[in-house]
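Every chain is numbered from 1, with letters handed out A, B, ... down the list of sequences. Everything numeric in this text was worked out from a predicted model, so none of it was measured.
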Amino acid sequence: MPQGHQDFLREMVQEDLAAGRISGVVTRFPPEPNGYLHIGHAKAVCLNFGIARQFGGQCNLRMDDTNPTKEDVEYVDSITADVKWLIAGWADHCLGMKPVGRLPEKRDLGGREDYYLAPVMSAPDDDGAPGSRESPGGSDAQGQGEALEPFYASDYFEPLYEYALELVRKGKAYVCDHTPAEVDEMRGAPHRPGQESVYRDRTVAESLDLFERMRAGEFPDAARTLRARIDMSAPNVWLRDPVLYRIRHASHHHTGDQWCIYPMYDFAHGLSDYIEGITHSLCTLEFEVHRPLYEWILEALDLPRAHPRQREFARLNMTYTVMSKRKLLRLVQEGHVGGWDDPRMPTISGMRRRGYPAEAIRDFCDRIRVAKSDNMVQVQLLEHCVREDLNPRAPRAMAVLRPLRVVIENYPEGHVEEMEAVNNPEDATMGTRRVPFSRVIYIEQDDFREVPPPKYFRLSPGKEVRLRYAYVIKCTDVVKDPATGDVIEVRATYDPATRSGMNPEGRKVKATVHWVSADHAVEAEVRLYGPLFTVEEPEDVPEGQDFVQSLDQTSLETLTGCKLEPSLAEVVPGAPVQFERLGYFCADSEGSRPGAPVFNRTVTLKDAWARIEKKQGQG
RNA sequence: UGGGGCGUAGCCAAGCGGUAAGGCAACGGGUUUUGGUCCCGUGAUGCGUAGGUUCGAAUCCUGCCGCCCCAGCCA
C-alpha cells in the first residue's frame, strides 16, 4: 500500500499553496514518444500523479514531441496505454487529457494576449457520472463521452511561433546564419567565454523577415537558427545564446508536413507548461542547469498568468538492468530480447506481461522515495513489492515444472481421490478446490535426492515426505536410466492413515512437497526469467567494452512438458497464480491457447533452502 | 582551472539546533501440511573529512576530499 511519503517536492507544493502563489496543483508527465516507458518513467508517473492526487489537482499526459526525426505514433500509443494502466484505480481521476484535435485557445486576458488549453478530466468509470469537468480557468466543458487524447507539444507549434516572433520584436532573439560547426566553436568552453554571433545585432526587421522565411521553407536544413540573445560569456553554457528553433524538412508524426522549423526542448517545454497552466514542472536532475533558461524564456515574454516552476529530482537506477532508452532500443533492435514488452525488460509493458501488478509498481515507486542524490536501487526491492502484493490475492495451485515420476506401489491401480485444497491460506474467502490424486504422480526433480545433502528435508531413499493435501509417502526404491544412471522414477508407499486433515498424533514429517496426478495433468510450457545482465551495473561499462557483453544468456529458460493440476487448464492471461513452493506466475498474453497454456514466471518465492544450499557450496 | 548538484548502515532514505525514523537486503529464533506467509530479535557512540560557532551540531559557518551533471540545430 503506497503510504504517500513526504518529500522536498511535496513540501514545495504545500508552501506554494500556503503562500497563495497558486490556487490548485497541475503537474504533467511529458515523455518524448521515442521509446517505450520503463520503470524509471514509472517513478515520474507516480510522482506527478501522486502529487496531483494528494492535492486534489490534475496531471496532464503530454507528448514532448518537438523532434520529428526520432518520434513515432507507435510510441505515443504505447505510452498512453502504459500510463493508463499504471494509474488505473488510483489516479485516473487526475489524468488530464484533451478532446481529440483541440488546440490552444487564443484569448485576451486583461488586455494581454494569452494562449491556454484546458485539460478535460477523464470520466470516472465507477459512479455512472461520466463527462468532463471544467478545470480552473478552463474553457467550456465539453459534451459527455467525447474522445480524448494526450496533449502534444506539437499542438502548440503555432503559439510557440508567435512567442518566438514576440521575442524577436523585443530584441531578445535573432536569426543566426552560422553553421552548426561555427556555433559549436563559438560557444566557448565551460571555463572559457563564448564568442558572439556576427548576426547577433542584425535588425529586428531583418530577423523577423528571415524567421518568417525559415517557416516558409525558403532555406535548407541547418542553414539558419533562431537564437535567444542572452549572454555569450555566461558561466552557464545554456545561457550562451541557445538555439530556439532549427530548420528540419521532415514530416512529423502528429503535425505531418505543416512545419519545417521545429522548436528546441528548452523553448518548447516551459511554454507548453505555461499554455496548459502547469504549476509544477518536475523533471530529472540533468535539467537543473537548464532551469535558468526555462525561467529566462518565461520572463522574457509578457505572460499574463502565473509561471510554472521547474524543480528536479534524481532519476531511478536499478541493479541488473539498463534504463537508457538508447540501450533498451538496442536490445530490441538487435534481437537480444523479444521486443519492448519482453518480460525481462524493465519496461512497463514488459513488466505487465510478466505479471507485475500496477499496484506493486506504484508501491515500489513510493518506497524508493524521491530525493536528489544519485542512486542505485536494488531490484530485490521491486521483487519484494511484487510478492507482497500478490501473496494475499493470488490463488494457489500445484504445478510440477521438472517432473519426476513417482509410483505409489500400495495405492490401488485405477483409484482416484479428489483431495480438498485451499485456494489461498491468506484468505479463507477464496475457498477450496478439488485436486485429483492417483497411483502415479509427478513431483519436482528438485524434491528428490538419491544422496541427500545435510539439512535436506525432502524425499530420498528410505525417507518420508508429505504430499501437499494428500498423504505421507516413503521412498522405497528408485529406477534408473541404464544408460545415464539418472533416476527416472521413484517407487514409494503411502500411509493411508495420513490422509490430509487426519494427521495422526506424533507423526512429524519435515517437508511437504507439491505434486500432480499423472493421469490428470495438463501439459504446459513455462518460461522462467532471470536478470537480463550478469552484473549489477551494466551501464557501468569497462573501457573498450559494450554493455551487451554482460547480457546473461540464461535469462530466459523455457520449460516444456510441465505438469499442471487440472484447474490450471483454463486461465485468464495475465491473472496471477501462485504455483505452490515455486513462485508467482501468469498465463502469457500472447503464447497461451485454451487447453495449452504458456506461463510466465513473474517472480520466485523466497527460497530458504536455496540459500542454505548456496552456503554449503561455498563452505 | 567555469557553472550547477549531491555525500547519513550493503541498498534506498527520514532528519530542518535538543542528543540518528522507516523500508529492502543480511543474520538469529518462533509458528507453519508452501524451506512461502506471519511473528520476535540483531545493525551507525555515528551522519565524506578537518576545524569553528553553541550549554548542545547530521543540522549553522569555513576549508578540504569524493561522486554526478552541463560545451546537440536531442529530450
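The separation between A/I612 atom CD1 and B/C27 atom C1' is 13 Å, rounded to whole Å. Here B/C74 presents its C1' atom at 14 Å from CG of A/D65, a figure rounded to the nearest Å. Whole-Å rounding puts the A/R369 CZ to B/G22 C1' distance at 8 Å. With rounding to whole Å, A/L9 atom CG is found 18 Å from B/C16 atom P. Here the C1' atom of nucleotide B/A75 and the CZ atom of A/R28 are 12 Å apart, to the nearest Å. For the pair A/D363 CG and B/C24 P, the interatomic distance rounds to 10 Å; values are reported in whole Å. Going from atom CZ of A/F267 over to atom P of B/C73 covers 16 Å, rounded to whole Å. Distance CG (A/D241) to C1' (B/A71): 14 Å, rounded to an integer number of Å.
Looking at heavy-atom distances under 4.0 Å, A/E32 makes contact with sugar-phosphate atoms alone, never a base. A/Q578 comes within 4.0 angstrom of a base, heavy atoms only. Base engagement by A/P425 is indicated by at least one non-hydrogen atom pair under 4.0 Å involving a base atom. Nucleic acid contact for A/R187: sugar-phosphate only, since backbone atoms but no base atoms lie under 4.0 Å from a heavy atom of the residue. At the heavy-atom level, A/A371 lies under 4.0 Å from the strands shown only through sugar-phosphate atoms. Within 4.0 Å of A/V289, counting heavy atoms only, lies at least one base atom of the nucleic acid. Residue A/L605 is in base contact, counting any heavy-atom pair closer than 4.0 Å across all strands shown. Nucleic acid contact for A/S373: sugar-phosphate only, since backbone atoms but no base atoms lie under 4.0 Å from a heavy atom of the residue. A/L582 comes within contact range of no nucleotide atom at all, as no heavy-atom separation falls under 4.0 Å. Counting any heavy atom pair closer than 4.0 Å across all strands shown, A/Y469 reaches a base atom. Within 4.0 Å of A/S324, counting heavy atoms only, lies no atom of the nucleic acid at all. In this structure, A/T319 reaches neither bases nor backbone, as no heavy-atom distance under 4.0 Å exists between it and the strands shown. Nucleic acid contact for A/F8: none, since no nucleic acid atom lies under 4.0 Å from a heavy atom of the residue. Nucleic acid contact class of A/F287 (heavy atoms, under 4.0 Å, all strands): base.
Each of B/C69, B/C70, B/U33 was ranked by its minimum atom distance to the side chain of A/T512; first place goes to B/U33. Looking at the side chain of A/M264, the nearest of the listed nucleotides B/C74, B/G2, B/A71 is B/C74. Listed nucleotides B/C6, B/U34, B/A75 differ in distance to A/K372; the shortest reach to its side chain belongs to B/C6. Side chain of A/L381, nearest nucleotide from B/C27, B/C74, B/C24: B/C24. The side chain of A/N375 approaches B/C12 more closely than any other nucleotide in the set B/C12, B/G36, B/C24. With B/U37, B/U33, B/G35 as the candidates, the nucleotide lying closest to the side chain of A/F457 is B/G35. Among the nucleotides B/A25, B/G72, B/U1, the one closest to any side-chain atom of A/H384 is B/A25. Among B/C16, B/G72, B/A75, the nucleotide with an atom closest to any side-chain atom of A/E11 is B/C16. Of the candidates B/U37, B/C73, B/A75, the closest approach to any side-chain atom of A/N391 belongs to B/U37.
Between A/Y294 and A/H290, the distance separating the two ring centers is not shorter than 6.0 angstrom. Annotation: A/W515 is in aromatic contact with A/F437 [ring centroid separation under 6.0 Å]. Aromatic ring centroids of A/H252 and A/F157 lie under 6.0 Å apart. Ring-centre distance between A/F267 and A/Y245: below the 6.0 Å cut-off. Ring pair A/Y471/A/Y494: centre-to-centre distance below 6.0 Å.
Taking CD1 of A/I278 as the reference point, atom NE2 of A/H269 lies at 8.5 Å (rounded to 0.5 Å). Of the inter-residue distances, the one linking A/S281 atom OG with A/E276 atom CD reads 10.0 Å to the nearest 0.5 angstrom.
For the pair A/E388 and A/R367, the salt-bridge criterion is met [side-chain N within less than 4.0 Å of a carboxylate O].
Stacking is found between A/W609 and the pyrimidine-like six-membered ring of the B/G35 base under the 5.5 Å centre-distance and 30° plane-angle cut-offs.
The base of B/A21 has none of its N or O atoms less than 3.5 Å from a complementary donor or acceptor on the side chain of A/H5. With hydrogens and angles left out, the side chain of A/R458 and the base of B/G35 share a donor-acceptor pair within 3.5 Å. No hydrogens or angles were tested; on distance alone, a donor-acceptor pair under 3.5 Å links the side chain of A/R396 to the base of B/U34. If you check distances only, the side chain of A/E383 never reaches the base of B/C24 with a donor-acceptor pair under 3.5 Å. Side-chain atoms of A/Q6 stay outside donor-acceptor range of the base of B/G15, with no qualifying N/O pair under 3.5 Å. One can find a donor-acceptor pair under 3.5 Å joining the base of B/U33 and the side-chain atoms of A/R466. Scanning atom types as modelled, one donor and one acceptor separated by under 3.5 angstrom connect the side chain of A/Q378 and the base of B/G10.
Taking atom C1' in both B/U42 and B/U49, the straight-line distance is 30 Å, to the nearest Å. Separating the C1' atom of B/G36 from that of B/G18 is a span of 45 Å, rounded to the nearest Å. With both ends at atom C1', the span from B/G17 to B/A26 equals 35 Å, rounded to whole Å.
Between A/L239 and A/P242, the closest heavy-atom pair is C-CD, 4.0 Å. Minimum interatomic distance between A/A314 and A/K372 (heavy atoms only, all atoms of both residues): CB-C, 3.9 Å.
For B/U42, the paired nucleotide is B/A26, the pair qualifying as Watson-Crick or G-U wobble because both relevant distances are below 3.5 Å. Searching all strands for a Watson-Crick or G-U wobble partner of B/G66 with both distances below 3.5 Å returns B/C6. When both distances must be under 3.5 Å, the Watson-Crick or G-U wobble mate of B/C47 does not exist. Remark: B/U34 base-pairs with no nucleotide; criterion is Watson-Crick or G-U wobble with both hydrogen-bond distances under 3.5 Å.
Map A/V237 and A/R248 each onto its nearest nucleotide of RNA chain B; the residue landing nearer the 5' end is A/V237. Residue order along RNA chain B, read from the 5' end via each residue's closest nucleotide, puts A/P235 first among A/K70 and A/P235.
OP1 and OP2 of B/G35 both lie 4.0 Å or more from every side-chain N or O belonging to A/K606. At the phosphate of B/A26, OP1 or OP2 sits under 4.0 Å from a side-chain N or O atom of A/R611. Look at A/R192 and you won't find any side-chain N or O under 4.0 angstrom from OP1 or OP2 of B/U1. Considering only side-chain N and O atoms, A/R246 lies nowhere under 4.0 angstrom from the phosphate OP1 or OP2 of B/G72. For B/C38, the OP1/OP2 oxygens have no side-chain nitrogen or oxygen of A/R387 closer than 4.0 Å.
Classification of B/G48 as anti follows from a glycosidic angle more than 90° from 0.
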